[in-house]
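First up is the structure itself, then whatever we jot down about it.
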Amino acid sequence: MDKKTRHAVLLAALFALTPDSRAATAIELAQQHNEQAIALHRQGDFAGAIRLYREALPAIVEYFGEGSVERARVLNSLADAQLAAAQCRDAEQSYMRLLDIVDASQAPLMQADALNGRASALYMRRRYRQAEPLFLKALAIIESQQPLDSARALLVLDNLTAVYQSLHNAAKTELYSRRALRLRQGSE
């Protein structure tokens, strides 16, 4: 079979699919993009990961919906990759879209991660005063969960320490630095 005939047969087979099977095929492709993006993200290929996360989102939205946890997870990964690639404005926008989806009562730790991520993007753009309340809110959410997620708490405590250092607030720098140290030593 020549290339043109093979292409025509493939198109005919695609259009023969029912709408449900086309949707299933689209979501399978989106899942493959997401898995590949995660692998690229881990390897440090942030540009490749960002491209694949973006390619996965439309099918995920179509299949699961705008406010779905699945969309939130991919947006979170996209924002993390953007932040790692120093695309701070894009990351901030992605985190804001994520915060529009997640609700503290349903997914508090995901909300805390999004707040921490958005605050980190602001911090990287030297918007320390805007980042501070977001870090504080993220920490409050994390500390409200039992058992305490020490790794998440440490990340935010370290971020707060950095913010207060940048703001030249020695008392708060010391406060959050000591809290982080106690948590690392297992006494908090």
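The first residue in the sequence is number 1, and the count goes up from there. Side-chain atoms are counted along with the backbone in the values below, which use heavy atoms only and exclude waters and symmetry mates.
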Side chain to side chain donor-acceptor pair (under 3.5 Å) contacts touching residues 152-163 (sequence neighbours left out): D113-R152, N116-N159, D149-R152, D158-R184
When L115 is tested against each of V156, V102, I141, I142 for side-chain contact (heavy atoms from CB on, under 4.5 Å), which residue passes? I141
Specify the closest pair of heavy atoms between A131 and A119, including all atoms of both residues, with the distance to one decimal. CB-O, 3.4 Å
Side chains of Q165 and T173: any donor to acceptor distance under 3.5 Å? no
Closest non-hydrogen contact found for A79 with S94 is CB-CB, 3.6 Å
When the ring centroid of F46 is compared with that of H41, is the distance short of 6.0 Å? yes
How close do L83 and S120 get, counting heavy atoms only, and between which atoms? CD2-CB, 3.7 Å
What's the separation between atom SG in C88 and atom CZ in R125, rounded to the nearest 0.5 Å? 7.0 Å
Going by heavy atoms in the side chains, are Q93 and D90 under 4.5 Å from each other? no
By side-chain hydrogen bond (donor to acceptor under 3.5 Å, both in side chains), Q36 pairs with (sequence neighbours left out) none
Rounded at 0.5 Å granularity, tell me how far CG in L134 sits from CG in L139. 12.5 Å
Within a 6.0 Å radius of atom CZ on R89, are there more than 12 heavy atoms belonging to other residues, nucleotides or ligands? no
Step-by-step side-chain contact (heavy atoms from CB on, under 4.5 Å) determination, I101 to R97: CA-CA 7 Å; I101 297 171; R97 286 188 292 161; 5.9 Å; no
Path from L122 to M124 over hydrophobic side-chain contacts below 4.5 Å: yes
Minimal non-hydrogen separation, A30 against A59, with atom names: CB-CB, 3.7 Å
From R118 CZ over to K137 NZ, what is the distance, rounded to the nearest 0.5 angstrom? 10.5 Å
Closest heavy-atom pair and its distance - E143, Q146: O-NE2, 3.8 Å
Suppose the criterion is ring pair (Phe, Tyr, Trp, His ring centres under 6.0 Å): which pairs have a residue in residues 125-150, not counting sequence neighbours? Y123-Y128
Other members of the hydrophobic cluster containing L40, with the 4.5 Å side-chain heavy-atom rule, please. L52
For the atom pair CG (L98) and CD (Q111), what is the distance rounded to the nearest 0.5 Å? 9.0 Å
Side chains of D80 and Y95: does their closest heavy-atom pair fall under 4.5 Å? yes
Nearest 0.5 Å, what's the CD1-NE2 distance between I60 and H33? 10.0 Å
Residues passing the salt bridge (Lys or Arg N to Asp or Glu O under 4.0 Å) test with R51, sequence neighbours excluded, are E55
Taking distance alone, no hydrogens or angles, what donor-acceptor pairs closer than 3.5 Å link side-chain atoms of residues 64-78 to residues at least two apart or in another chain?
from	atom 1	to	atom 2	distance (Å)
E66	OE1	R71	NH1	3.4
S68	OG	G65	O	3.0
S68	OG	R71	N	3.1
R71	NH1	E66	O	2.9
S77	OG	R73	O	3.2

Indicate if L155 and L157 have the same hydrophobic cluster label, given that clusters are the connected sets of ILVMFWY residues with side-chain heavy-atom separations under 4.5 angstrom. no
With clusters defined by side-chain heavy atoms of hydrophobic residues (ILVMFWY) lying less than 4.5 Å apart, directly or transitively, does M110 cluster with M96? no
Give the cluster check for L136 versus L148: same hydrophobic cluster or not, with ILVMFWY residues linked at side-chain heavy-atom distances below 4.5 Å. yes
Where do E132 and Y164 land on the side chain to side chain donor-acceptor pair (under 3.5 Å) test, with the steps shown first? CA-CA 8 Å; E132 177 191 14; Y164 290 123; 2.5 Å; yes
